[in-house]
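Below is one structure, written out as structure tokens; comments come after it.
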2 protein chains.
Amino acid sequence: MAKCVIGNEIRKLRFLAGEMTQQQLADRTGVTRQTLAAIENGKYYPSLELAFRIAHVFGLPLTEVFSFRLDEDSK
Amino acid sequence: MAKCVIGNEIRKLRFLAGEMTQQQLADRTGVTRQTLAAIENGKYYPSLELAFRIAHVFGLPLTEVFSFRLDEDSK
DNA sequence: TCATCTTGTCAAGCATATTTTACATTTAAT
DNA sequence: ATTAAATGTAAAATATGCTTGACAAGATGA
């Protein structure tokens with residue numbers, strides 16, 4: 001199965017949203033600061049539910065916060 | 001934290017896609033038939049990655065396959 | 001200097017997604 | 001009447017998401 005990569009614009013969107021801190025975003029999405037940091041830094045992917053919540057905070061559709069692309073170079 | 005509900009159009013989309021079976025969709029998304037059945041029937045939510053893969057098979061953006069709404073009636 | 005805020009990160013544990021195996025029911029075809 | 005395909009479902013095991021608690025480092029301001 002082809003692997004895939006999911007990118008996110010969280011760091012950019014936080015700063016576009018008036019320097020919102022990780023802590024503030026964490027509070028508004030109902031997770032911990034550590035969870036958000038890990039997701040921002042690509043340690044793991046959020047659940048679908050959390051991804052929707054994050055997008056909702058920014059007032060954007062999920063697909064404008066998280067991007068999907070097939071990783072053709074791996075098998 | 002307000003709970004939320006995530007709905008999906010998988011069952012509808014499978015049949016719109018020429019009666020695609022759960023098995024075929026499972027094969028094309030790299031998961032088992034049981035995982036797909038569970039997601040279709042709302043037993044649990046897919047991972048973000050799997051949600052993207054499913055949408056990709058149907059050639060639709062994720063947000064047209066999965067819908068998010070806050071569940072205002074729970075606390 | 002000292003205190004505070006923000007972020008990075010780690011380890012241990014809990015929660016949830018997914019797999020595997022298996023069995024049952026329904027529908028359609030032979 | 002039987003076979004096969006599609007689906008529902010369930011238990012046990014593994015993988016991953018998320019929490020909690022903690023410590024460190026850089027930036028900022030008193």
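Sequence lines set the chain letters: A, B, ... in the order given, protein chains first and strands last, and positions in each chain run from 1.
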Check your understanding: Taking all atoms of both residues into account, what is the closest heavy-atom pair of B:Tyr45 and B:Val5, and its distance?
Key -> OH-CA, 3.6 Å

Review point. C:dT6 C1' sits how many Å from A:Arg11 CZ, rounded?
Key: 12 Å

**Study point:** Whole-Å distance separating the CD atom of A:Gln24 from the P atom of C:dT6
**Key:** 7 Å

Review point. Do B:Asn8 side-chain atoms and B:Ile10 backbone N/O form a donor-acceptor pair below 3.5 Å?
Key: yes

**Study point:** Helix axis bend for the helix from C:dT1-D:dA30 to C:dT30-D:dA1 - C1'-based end axes, five pairs, 10° rounding
**Key:** 30°

Exercise for review: Scan B:Ser47 against the nucleic acid and name what it touches under 4.0 Å (heavy atoms): base, sugar-phosphate only, or nothing.
Suggested key: sugar-phosphate

Review point. Are the side chains of A:Phe66 and B:Leu48 in touch, meaning some heavy atoms are under 4.5 Å apart?
Key: yes

Study note, to complete from the structure: Taking C:dT9, D:dG8, C:dT19 as options, the one with an atom nearest any side-chain atom of A:Asn41 is C:dT9

Study note, to complete from the structure: A:Tyr44 and A:Thr35 have their tightest heavy-atom pair at OH-CA, 3.8 Å

Point to revise | Residue-phosphate contact under 4.0 Å: A:Thr35 side-chain N/O, D:dT19 OP1/OP2 | key: yes

**Study point:** Neighbours of DNA chain D within residues 58-67 of chain B, by heavy-atom distance under 4.0 Å
**Key:** none

Practice item. Respond yes when some side-chain nitrogen or oxygen of B:Gln34 is under 4.0 Å from OP1 or OP2 of C:dA17, and no when none is. Key: no

Practice item. Verify side-chain contact (heavy atoms from CB on, under 4.5 Å) between A:Gln22 and A:Gln34, making sure each step is shown before the conclusion. Key: CA-CA 9 Å; A:Gln22 287 182 345; A:Gln34 289 88 336; over 6 Å; no

Review point. How would you label the contact of B:Thr21 with the nucleic acid (heavy atoms, under 4.0 Å): base, sugar-phosphate, or nothing?
Key: sugar-phosphate

Check your understanding: Starting at CG of B:Leu36 and ending at P of C:dT20, how long is that distance when rounded to a whole Å?
Key -> 14 Å

Practice item. Side chain of A:Lys43 only, please: which of C:dT9, D:dC18, C:dA17 is the nearest? Key: C:dT9

Practice item. Starting from the 5' end of DNA chain D, give me the residue, A:Tyr45 or B:Arg33, whose nearest nucleotide shows up first. Key: B:Arg33

Exercise for review: May I ask you to evaluate whether B:Thr32 reaches the phosphate of C:dT18, defined as a side-chain N or O under 4.0 Å from OP1 or OP2?
Suggested key: no

Revision key, fill the gap. Atom CD1 of B:Ile39 and atom P of D:dT7 are separated, to the nearest Å, by 15 Å

Practice item. Give a yes/no on whether any side-chain N or O of B:Arg53 is located under 4.0 angstrom from OP1 or OP2 of C:dT18. Key: no

Practice item. Between D:dC18, C:dT19, C:dT9, spot the one nearest the side chain of B:Val31, thanks. Key: C:dT19

Point to revise | Taking every non-hydrogen atom, the tightest pair across B:Arg33 and B:Ala26 | key: N-CB, 3.7 Å

Point to revise | Shortest non-hydrogen contact from A:Glu19 toward A:Gln24 | key: O-OE1, 4.3 Å

Check your understanding: Atom CZ of A:Phe15 and atom C1' of C:dT6: how far apart are they, to the nearest Å?
Key -> 9 Å

Practice item. Measure the CZ-CZ distance between B:Phe58 and B:Arg28 for me, rounded to the nearest 0.5 Å. Key: 8.5 Å

Check your understanding: Are the side chains of B:Leu50 and B:Ile39 in touch, meaning some heavy atoms are under 4.5 Å apart?
Key -> yes

Exercise for review: Write down the distance between CD (A:Glu49) and C1' (D:dT16), rounded to a whole number of angstrom.
Suggested key: 16 Å

Review point. To the nearest Å, how far apart are A:Tyr44 OH and C:dA11 P?
Key: 14 Å

Exercise for review: Considering non-hydrogen atoms only, spot the tightest contact between B:Leu70 and A:His56 and give its length.
Suggested key: CD1-CE1, 3.6 Å

Point to revise | Gap between atoms CD and P, on B:Gln22 and C:dT25 respectively (whole Å) | key: 18 Å

